[in-house]
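Keep in mind it's a predicted model, so treat the numbers as computed, not measured.
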Amino acid sequence: MTRQPYTDAIRERVIVFDGAFGTFVQGLDLGPDDFGGPSLEGCNEMLTLTRPDVIEAMHRAFLDAGVDAIETASFGSFSTVLTEYDIPEKAYELNVAAASIARRVADEYEAKDGRPRYVAGSIGPGTKLPSLGHITFGELRDAYEEQARGLIDGGCDLFLIETCMDLLQIKAAMQACRRAMEATGRHIAIQVQVTMETTGRMLVGTEIGAAYAALVAMKPDAIGINCATGPAEMQEHLRYLSEHSEIPVSVLPNAGLPEMRNGETFFPLDPAPLAEWLDQFAGEFGVNIIGGCCGSTPTHIAAISAALNS
C-alpha cells in the first residue's frame, strides 16, 4: 500500500502523535543490565539495542491508543549527548535501530486496517546549545547529520526536531537533515517544535513571534510547541501561531506543569482535561497535529484520540 505523504495528511486532517518516551520507560522496573551496564543506566536510547522488546511494547501501547504517528526512541541519540556515556560511536546504529523498530510496528498496524501510520524521527536539543557557546554550530550540525542519516535509513516518514530552546540549534538540525536527505537521495518532511518556558519565551529569550518569523524562513513543513508546560500555558502562543502561520501547526504539551512530590517529578493533568484542551486547540485554533509530551501516557493519548473522534 502506498502511504499518503505526511505533508498532505497534515493539511487534510488532525494527526495524533504519541506520548512521552521517557515517561513510559520511567514507569518500568528496569535496572542497569537492561541498559547494557551501570555506566549506561539512564541512557534510554540504548534500549533500542539492549531491550528492543521494551521499545516495541511502547510503540504498540500508543498505537493501541489510536495514534497516527509514533516517535522514534532517539531523542538523545547523537554524539554530543552520547559522549556523556562514552558511546558517541553508536549514534548511527542507535538511530537506525530506533527507526527500524518503529517502522516495523507501524507497518504492522497499517496493514491491519489500511490507516496510514507515520514514523517521526525524534531529534532533541541535546545538552549543548550554540547560542550559549557550549558547542560550535558546525560541530552540532555534523552530529545531527549522522543522526538524521540513521533515521532516514531506518525508515522514518519525517524528522521531528523537538523541544527546541535555541534558534541556532534548530538551524543546525535543519541543515543536518537536509544534508542527510541529499546524501541518501530520500526526502522527507521536517517538523519543528519550540519549547516556551513559563516566562513566555524560549530558554535563550526568543518570544513566539520572533521564533515563528525566523523559522518559517527556513521552510519547515510544520511548526509548533512542545514540552516545558501544560496546555493552559501554551494557549496564547498557539493563538499567535494559528493567526499567523502559513504552515500546519502542532502542539504536544506536558500533562500539566511539573510538580515535585516526594522528591520526584509529577505531572498533575489527568487524561480527560488534557484531551479537552487538545480538542479545543484543534477546533478553535485549527491545530493540525496534536499529542503529548512529558507525563503523557497511553491512557492520556487514548483520551485524546477518543475526544477527536467523538
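- In the hydrophobic clustering of this structure, M174 groups with I152; members are Ile, Leu, Val, Met, Phe, Trp, Tyr whose side-chain heavy atoms approach within less than 4.5 Å, directly or through other members.
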**Request:** Applying side chain to side chain contact (heavy atoms under 4.5 Å, CB included), run through L28 and D34 and close with a yes or a no.
**Result:** CA-CA 11 Å; L28 304 175; D34 293 296; over 6 Å; no

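- Side-chain contact, S250 with Q193: a donor N or O sits under 3.5 Å from an acceptor N or O.
- Between D157 and R103 there is a salt bridge, since at least one side-chain N of the basic residue sits less than 4.0 Å from a carboxylate O of the acidic one.
- The same ILVMFWY cluster, assembled from side-chain heavy atoms under 4.5 Å apart, contains both I225 and V192.
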**Prompt:** Run the side chain to side chain contact (heavy atoms under 4.5 Å, CB included) check on L63 and I70 step by step: do they pass?
**Reply:** CA-CA 8 Å; L63 285 162; I70 53 175; 3.9 Å; yes

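- The side chain to side chain contact (heavy atoms under 4.5 Å, CB included) with T199 is formed by just one residue from the set E197, M196, M202; it is E197.
- Within the 4.5 Å cutoff, the side chain of H59 has heavy atoms near those of the I55 side chain.
- E84 and T127 share a side-chain donor-acceptor pair at under 3.5 Å.
- Using a 4.0 Å cut-off between charged side-chain N and carboxylate O, R239 and E236 make a salt bridge.
- Relative orientation of the Y6 and F17 rings is perpendicular, given thresholds of 30° and 60° on the angle between their planes.
- A 6.0 Å sphere centred on NZ of K112 holds more than 12 heavy atoms belonging to other residues, nucleotides or ligands.
- Here the CD1-CG distance, from I290 to D279, works out to 7.0 Å after rounding to the nearest 0.5 Å.
- Distance check, rounded to the nearest 0.5 Å: CD of E233 to CG of L257 gives 3.5 Å.
- A 6.0 Å sphere centred on CD of E259 holds more than 12 heavy atoms belonging to other residues, nucleotides or ligands.
- Q26 CD to C294 SG: the interatomic distance, rounded to the nearest 0.5 Å, is 8.5 Å.
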**Prompt:** What do the steps show when you test Y118 against R3 for side chain to side chain contact (heavy atoms under 4.5 Å, CB included), and what is the final call?
**Reply:** CA-CA 9 Å; Y118 298 97; R3 184 180 307 109; 3.6 Å; yes

**Request:** Please lay out, stage by stage, how Y144 and T80 fare under the test side chain to side chain contact (heavy atoms under 4.5 Å, CB included).
**Result:** CA-CA 9 Å; Y144 277 138; T80 57; over 6 Å; no

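- Residues L160 and F24 do not share a hydrophobic cluster, defined by chaining ILVMFWY side chains whose heavy atoms lie under 4.5 Å apart.
- Residue E41 holds its CD atom at 9.0 Å from CG of D33, rounded to the nearest 0.5 Å.
- At a cut-off of 3.5 Å, with distance as the only test, a side-chain donor of S122 or E162 sits close to an acceptor on the other residue.
- Looking only at side-chain heavy atoms (C-beta outward), L40 and T50 stay at 4.5 Å or farther from each other.
- Using cut-offs of 30° and 60° for the angle between ring planes, the Y240 and Y212 rings count as perpendicular.
- Inter-residue side-chain proximity for I123 and C177 is flagged as met; some heavy-atom pair is nearer than 4.5 Å.
- Using a 4.5 Å heavy-atom cutoff, the side chains of S242 and L238 are not in contact.
- Between R60 and E108 there is a salt bridge, since a side-chain N of the basic residue sits under 4.0 Å from a carboxylate O of the acidic one.
- Here the side chains of L278 and P253 are in contact, with some heavy-atom distance below 4.5 Å.
- Between E89 atom CD and E146 atom CD the span is 9.5 Å, to the nearest 0.5 Å.
- Ring geometry, F281 versus W277: the interplanar angle falls from 30° to 60°, so the pair is classed tilted.
- The cluster map of Ile, Leu, Val, Met, Phe, Trp and Tyr, joined by side-chain heavy atoms under 4.5 Å apart, puts F78 and L82 in the same cluster.
- Separation of atoms CG (L168) and OG1 (T206) is listed at 9.5 Å; rounding is to 0.5 Å.
- A single hydrophobic cluster is seen to contain both F35 and I87, as judged by linkage of ILVMFWY side chains at heavy-atom distances under 4.5 Å, directly or through other members.
- The shortest side-chain heavy-atom distance between Y92 and R149 falls under the 4.5 Å cut-off.
- Between the side chain of S305 and the backbone N or O of A65 there is at least one donor-acceptor pair closer than 3.5 Å.
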